Each structure stands twice: as structure tokens, then as C-alpha cells.
Trainee: 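Can you read through this structure? Questions will come right after.
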Amino acid sequence: MFFPKPEVVKRAHIKNYEEVYKYSITHPEEFWADAAKELSWFKPWKQVLHWQYPYARWFVDGETNIVYNCLDRWLKNDRKNQLALLWVGQDLEVKKYTYEQLNREVCQLANALRSLGVKKGDRVTIYLPKIPEQIISMLACAKIGAIHSVVYSGFSFEALKTRIEDAQAKVIITANSYPYKNKIINSLEKTLQAIKDCPSVESVIIVNRISERVKIPEDIFSKINFYQWTELLSKQDTLCSTQIMNANDPLFILYTSGTTGKPKGVVHSHGGYMVGVYLTSKLVFDLKENDILFSTADPGWITGHSYMTYGPLLNGITTLIYESVPDYPHPGRWWEVIEKFRPTIFYTTPTAIRALIRYGEDTPSKYDLSSLRILGSVGEPINPSAWLWFYKNIGRESNLPIMDTWWQTETGMHIITPLPCVPLKPGSCFKPFFGVVADVVDENGQSVGKNKEGYLVLKTPWPAMLLDLWQNPQKYRETYFEKIKKKTKKFLYFTGDSAKIDDDGYFWIIGRNDDVIKVSGHRLGSAEIESALVANQKVAEAAVIGKPHPVKGESIKAFIILKKAIQPSEDLKKELNLNVRMFIGPIASIDEIEFVEKLPKTRSGKIMRRVLKAQELQLPVGDISTLED
Ligand code: PRX
């Protein structure tokens with residue numbers, strides 16, 4: 001156990017976790033209502049929580065807008081002059097926005113979107129690299145009640161197209177091109193390929209990240225209007241009214257991988273999401289007015305939404321965004337950014353930590369990291385040795401607390417997480433956040449007891465939980481509420497993770513128990529990768545599994561049955577890998593391909609990936625009574 005230093009506890013918002021936790025689960029509605037009252041509402045709610053299987057609705061009939069709480073309310077006091085966004089480019093170019101300046105640009109884009117006919121409830125796809133315009137676009141959409149769908153800039157045009165089509169987006173905001181290490185990535189080209197057959201798209205706004213103006217082949221896109229960001233915004237007023245939203249109106253869709261070939265659109269709300277993200281940011285990172293939060297995420301993922309954009313702005317602090325990767329142009333780049341821009345909180349992933357460990361302890365030791373107060377980890381289990389390295393080399397003699405936060409795209413906010421005042425065990429994400437009851441159960445929903453592995457479930461709703469899956473309520477019900485066999489309609493959310501609880505009540509996450517693979521913390525579906533593989537004419541069947549990897553957490557292995565008369569070869573492996581990169585993006589690169597004659601299947605023809613995995617990892621195969629051969 002690593003105990004917090006007395007000065008950390010003294011300074012912390014929460015000094016006694018157990019006491020507050022006990023109150024929060026006996027009085028959850030009072031607890032969350034008190035948190036909500038720290039924010040501004042146009043109209044108060046009539047009911048804090050309404051649960052009707054399988055939907056939990058928070059702050060029913062309340063009216064607010066998350067952007068009112070992120071921006072508008074700070075304009076009324078001195079906070080307007082505080083830095084909201086501190087952006088650092090790959091070449092260390094700096095862009096600074098106070099709350100007032102950020103608001104001005106958000107208003108201009110919001111007015112521009114309105115002028116393009118975007119109304120409350122319309123979808124806008126944001127396909128931008130990590131630049132200030134990405135955050136400005138999210139806020140501008142939310143301000144006018146449009147639903148944003150941010151697509152990670154590393155996704156391929158196929159992945160972008162699927163997401164535009166599913167959301168039926170009216171407007172796309174994209175960049176011409178952007179630097180990525182020593183390359184220039186052309187995102188406009190990918191956008192144009194994606195929207196060729198997307199009739200919902202009416203307008204495209206282009207941000208010039210690189211100072212070259214691009215030529216649009218207008219003839220192919222005669223029905224779509226193209227605009228340059230700067231020109232479009234320069235014509236707009238810097239004042240814009242904030243749309244009044246119902247607490248349960250959708251704020252955004254964020255696509256994530258599940259067990260089928262198609263990504264799921266996770267929908268979050270203006271009200272509950274706002275309250276959950278506000279409070280977890282405040283208490284887990286122990287935020288105070290002058291804090292600077294450096295999260296290494298990308299707004300293409302949920303961390304970038306909750307703890308890079310909305311969480312910091314709701315708390316009136318500064319979010320520090322560094323455009324590029326940790327080890328370019330040199331392996332000390334993140335530490336250099338910390339020395340120079342002095343963030344107080346540093347939130348990253350186990351994969352990044354493991355990758356940086358390879359460069360040795362000498363690299364971080366050259367930099368002044370004394371501005372840091374709190375460290376954070378997210379996205380995958382952090383192995384104790386990576387935790388200890390982080391503690392020793394980045395936390396140094398100040399023994400900075402590491403917040404190993406467990407949560408998901410669907411939960412919207414931290415769910416199982418330490419607070420700065422609690423004793424830590426390396427590799428455990430501590431206990432549930434306030435108001436949340438979590439457990440580890442068997443397939444019938446019975447608690448498995450201490451130190452036994454089982455399914456991680458949540459037994460109480462929390463405000464930032466997903467509203468639904470976009471256009472797919474059936475999948476929502478099946479995925480989160482029907483996997484565990486039970487007789488009642490009581491709340492029981494299935495996380496898809498396996499875990500254990502130790503004698504002290506600490507949670508230890510083992511990993512996913514479905515066909516989701518976590519590569520470098522990125523969530524990928526086996527079925528998505530398989531459909532990219534079978535799209536190749538030479539492939540008859542494909543099965544994909546995740547394997548433990550010392551740096552990336554998991555790596556991808558594919559088993560392929562080729563069509564008759566096709567010969568396996570190294571070139572074909574390269575071709576297949578390219579197919580997957582085209583369909584999904586470089587994050588889905590396959591590490592190993594094995595050509596096989598047969599795959600283990602059930603009698604109904606479903607590939608049993610868990611049998612392949614057991615064989616590959618030399619683990620017990622488990623129940624194979626349904627195996628056909
Ligand atoms: O398996 C868990 C893992 O990441 C999954 C959620 O992935 P995603 O929706 O992409 O969100 C990632 C960022 C919140 C979970 O089901 N996971 C997330 N945080 C942790 C974790 N596994 C272990 N420890 C964590 N701290």
C-alpha cells in the first residue's frame with residue numbers, strides 16, 4: 001500500500017472516502033442533486049432519477065446546456081481572463097485561449113453552423129486532428145443543440161464513412177492536412193473519399209492546419225458546399241445565444257467497438273453527463289482554480305471528451321493539449337512539455353508509460369517535473385511494474401498519487417477510481433466512485449465473493465451513463481442489461497470486463513470478457529477486423545483474437561482460411577494488413593497472420609474465438625460441448 005502524504009489529504013476536497021461513500025450510496029439522489037446544484041440550470045429538475053428498465057434518466061425535466069456551464073457562466077467573473085485552452089503544436093508553437101477568447105470563437109462557429117441550416121438535434125461529424133478547432137467545434141455544436149460525432153483523425157475513410165452514414169451527418173468539419181511526426185497526413189483526401197456517397201452531407205468546413213489552400217474538385221461534389229474555416233468565421237458575430245436543452249437531450253454520439261462488425265454509437269446527454277464529468281474531474285483530480293490538466297488523449301476518444309474538454313472547462317481550469325506523440329522528435333518530448341508549460345495534473349495511458357520505460361530512467365530525470373501534483377492512468381489495466389516506474393520517475397520524491405481510473409465510453413465518467421486521499425495498491429483501480437455500487441458476479445448475477453474472478457457489473461445508475469445506442473435500442477438492452485440472466489428488472493449494468501475484489505475491497509481489472517481487443521488502449525472489435533479481412537477476394541474466412549503484448553497491452557493475431565487455389569505468402573500477409581488499415585486505420589494493424597485449413601466453430605457455424613485464444617496462449621479450453629469438430 002502507498003499512503004498519501006498528509007499535505008495531499010489536507011489540500012484535497014475529499015478527506016475521508018469511506019464516510020462520503022457511505023452517505024452517497026444511502027442517499028444517491030441527494031448526493032447527485034447537491035453536485036448538480038454547483039452548476040447552472042435554466043430550469044430546475046422535477047425528479048433527480050427516473051429508472052424504467054432499461055433506461056435511467058437523470059434530472060428529469062431540468063433545462064441546461066453544458067456549454068453554458070463550460071463558457072457562458074465564467075464570462076460573468078474574472079475567470080473570463082483565465083486560460084481555458086493552452087495548445088502546444090508538434091513544433092512547440094503555442095496557441096492560448098482565455099475563457100473569453102474561446103467563447104468568442106465558439107460563438108462565431110455556432111453562428112456559422114446556424115447559417116448553414118444546422119438546427120437542434122442535427123448531427124455534425126468532426127474529423128479533425130488534435131488542434132484547438134477540434135474543441136471549438138464540439139463546443140459550438142453543443143451550444144446550438146446540434147449533436148457532435150467526433151471521429152478520431154487516425155481512422156480511415158471507410159471508418160469515417162460508416163460513422164457519417166450511421167449518424168446521417170449534415171455537416172463535416174475537417175482539416176486540409178496535418179503534421180504527424182515527420183509525415184504530413186492528408187485528411188481532406190480521406191474526407192472527400194468518405195463523403196462521395198453520403199447524401200446526408202450538405203456542407204464541409206475545412207480548417208487549414210497547414211498553410212496551403214486546397215482545391216476542391218467541385219464537379220464531383222456539386223451538391224455539397226465547401227467553406228474555409230477562417231473565411232466563414234470572419235463573417236460571423238462573436239455573440240451567439242446558447243440553446244436551452246432538456247437535461248436528457250443528446251449532447252454527442254461517440255462510436256466505439258463492440259462485438260459486432262459495426263461500431264456502436266454511444267449517446268450522452270447534456271444534463272447527467274455534465275454533472276458526472278464535472279464532479280469526477282473535480283474530486284479525482286482534486287481541481288482548484290489554477291490547475292492545468294495535461295491529458296495525452298485525443299478528443300476522438302471518450303477521455304478527450306470528458307477529461308480534456310468538458311471536465312476541465314466545467315471546473316474553470318486550463319486544459320493543456322499537446323498535438324503529437326510522446327517520443328517525437330525525441331523521447332523526452334512529453335517531459336519537455338511539462339517542464340515548459342507546468343501542468344499540475346498529468347493523465348495518460350499504461351501503453352504510453354510502458355513505451356517510455358524503454359528509453360530508460362535517464363530521459364525523464366533531465367526535466368523539471370515539479371509542477372505536477374497528481375498523475376492519472378486510463379484505458380487498460382496498468383501492470384504494477386509500470387505503475388511503480390510512473391510513481392518513481394514521474395511522481396519522484398513527492399510521491400504523487402496515481403489515479404488509476406476505470407471507466408468506459410458508455411459510462412462517460414470515472415466509475416472505479418481512487419481519490420488523492422486514499423491508500424493505493426499498484427495495479428488496482430481502488431473502489432467505486434461516490435453513488436456507484438459495483439460488484440463481481442457469475443452468469444446468474446450472484447456475487448462470486450472475495451478474490452474470485454467474475455463479471456464486473458454496476459448495480460446502481462450514475463448520471464453520466466449513456467442515454468442509448470444511436471438508432472439501436474435493442475442492442476443497448478442486449479449488450480448492457482441482458483447478458484446476465486436474472487428474474488427482476490432491477491438495475492444491473494454489464495460492463496464487458498472481468499475483475500476480482502480483494503480482501504480490502506479493492507478492485508482488480510483483468511480485462512475484457514467479450515470480443516473486444518484493447519490495442520494501446522484503443523478499443524477494437526474482432527468482428528470489425530474480420531470483416532475487413534474477408535472483404536479481400538482471396539479470403540474465405542477469418543478469425544481474430546487479442547494476445548498479451550508487453551507494451552501495447554494486447555496485439556492482434558488473425559487466423560485466415562484462404563479460398564481454394566490461393567497460395568499463402570508473405571506478400572499476401574502484407575496485402576491483408578493493408579486492407580485492415582484501409583478499412584479501420586493504422587491503429588488496427590495486425591501483428592501476426594496464420595493461414596489455417598479450419599477454424600473451431602459451433603454447430604451453428606459461429607467461430608469460437610475463445611478456443612483459438614486458449615490454444616494460442618496454452619490455457620485450458622473450457623467448455624467445448626458446442627464445438628462441431
Ligand atoms: O476494459 C476496460 C478498459 O477499457 C474499456 C473501455 O474502453 P473505452 O470505452 O475505449 O474507454 C477507455 C477510456 C475510458 C473498459 O471496459 N479500461 C479502461 N480504464 C481502465 C481499463 N482497464 C483497466 N484499468 C483501467 N483503469
Side-chain angles (χ1 to χ4, degrees), residues 150 152 154-155 252-259 263-268 273 276-277 280-281 284 295-311 347-354 375-384 386-387 390 402-418 424-433 438 440 453 455-458 462 464-466 469 479-480 483 493-500 506-525 528 546 548 552-554 587-588:
V150 181
Y152 173 56
F155 274 128
F252 65 81
I253 306 173
L254 185 58
Y255 287 90
T256 188
S257 297
T259 47
K264 307 179 285 196
V266 171
V267 184
H268 280 291
Y273 173 81
V277 165
T280 46
S281 304
V284 175
S295 163
T296 63
D298 183 299
W301 310 105
I302 191 69
T303 307
H305 284 60
S306 300
Y307 298 107
M308 197 172 206
T309 306
Y310 291 115
Y347 194 28
T348 191
T349 63
T351 291
I353 298 167
R354 288 189 294 259
L375 305 177
S377 168
V378 60
E380 39 174 332
I382 177 162
N383 44 311
W387 194 102
F390 200 27
I402 301 180
M403 303 296 105
D404 175 5
T405 59
W406 180 93
W407 58 296
Q408 308 176 301
T409 305
E410 293 87 338
T411 69
M413 64 180 229
H414 300 148
I415 291 290
I416 305 180
T417 177
L424 303 168
K425 297 189 190 189
S428 160
C429 52
F430 188 63
K431 300 180 188 183
F433 187 75
V440 174
E453 186 176 334
Y455 300 118
L456 177 67
V457 293
L458 306 177
W462 61 98
M465 71 176 288
L466 72 167
L469 289 178
T479 311
Y480 308 111
K483 289 268 159 66
Y493 170 90
F494 185 77
T495 64
D497 275 23
S498 292
K500 273 187 201 174
Y506 280 53
F507 284 68
W508 298 79
I509 307 297
I510 291 154
R512 299 288 305 188
N513 54 40
D514 53 10
D515 291 317
V516 168
I517 306 176
K518 274 257 157 172
V519 181
S520 303
H522 297 138
R523 194 162 149 177
L524 297 162
E528 269 174 276
K552 297 193 286 187
E554 282 194 284
I587 52 167

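The structure presented is a predicted model; accordingly, all values stated were derived computationally and were not measured. Remember, it's 1-based here, ligands and their atoms both numbered in the order they're listed.
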Trainee: List, ordered by chain and residue number, the protein residues whose closest non-hydrogen atom lies under 4.0 Å from any atom of ligand 1.
Mentor: Ile302, Thr303, Val378, Gly379, Glu380, Pro381, Asp404, Thr405, Trp406, Trp407, Gln408, Thr409, Asp497, Ile509, Arg512, Lys518, Arg523
Trainee: What distance separates Tyr455 OH from Asn513 CG, expressed to the nearest 0.5 Å?
Mentor: 6.0 Å
Trainee: Please identify each residue that fulfils salt bridge (charged side-chain N to carboxylate O under 4.0 Å, His left out) with Lys552, with sequence neighbours left out.
Mentor: Asp591
Trainee: Which atom names give the shortest non-hydrogen contact between Gly311 and Ser281, and what distance separates them?
Mentor: CA-OG, 3.2 Å
Trainee: I'd like to know if the side chain of Ser257 reaches the main chain of Arg523, judged simply by a donor and an acceptor atom lying under 3.5 Å from each other, with no hydrogens or angles considered.
Mentor: yes
Trainee: I'd like to check the salt bridge (charged side-chain N to carboxylate O under 4.0 Å, His left out) partners of Lys431; sequence neighbours left out, ordered by chain and number.
Mentor: Glu18
Trainee: Which residues pass the side-chain hydrogen bond (donor to acceptor under 3.5 Å, both in side chains) test with Asp497, not counting sequence neighbours?
Mentor: Trp406, Arg512
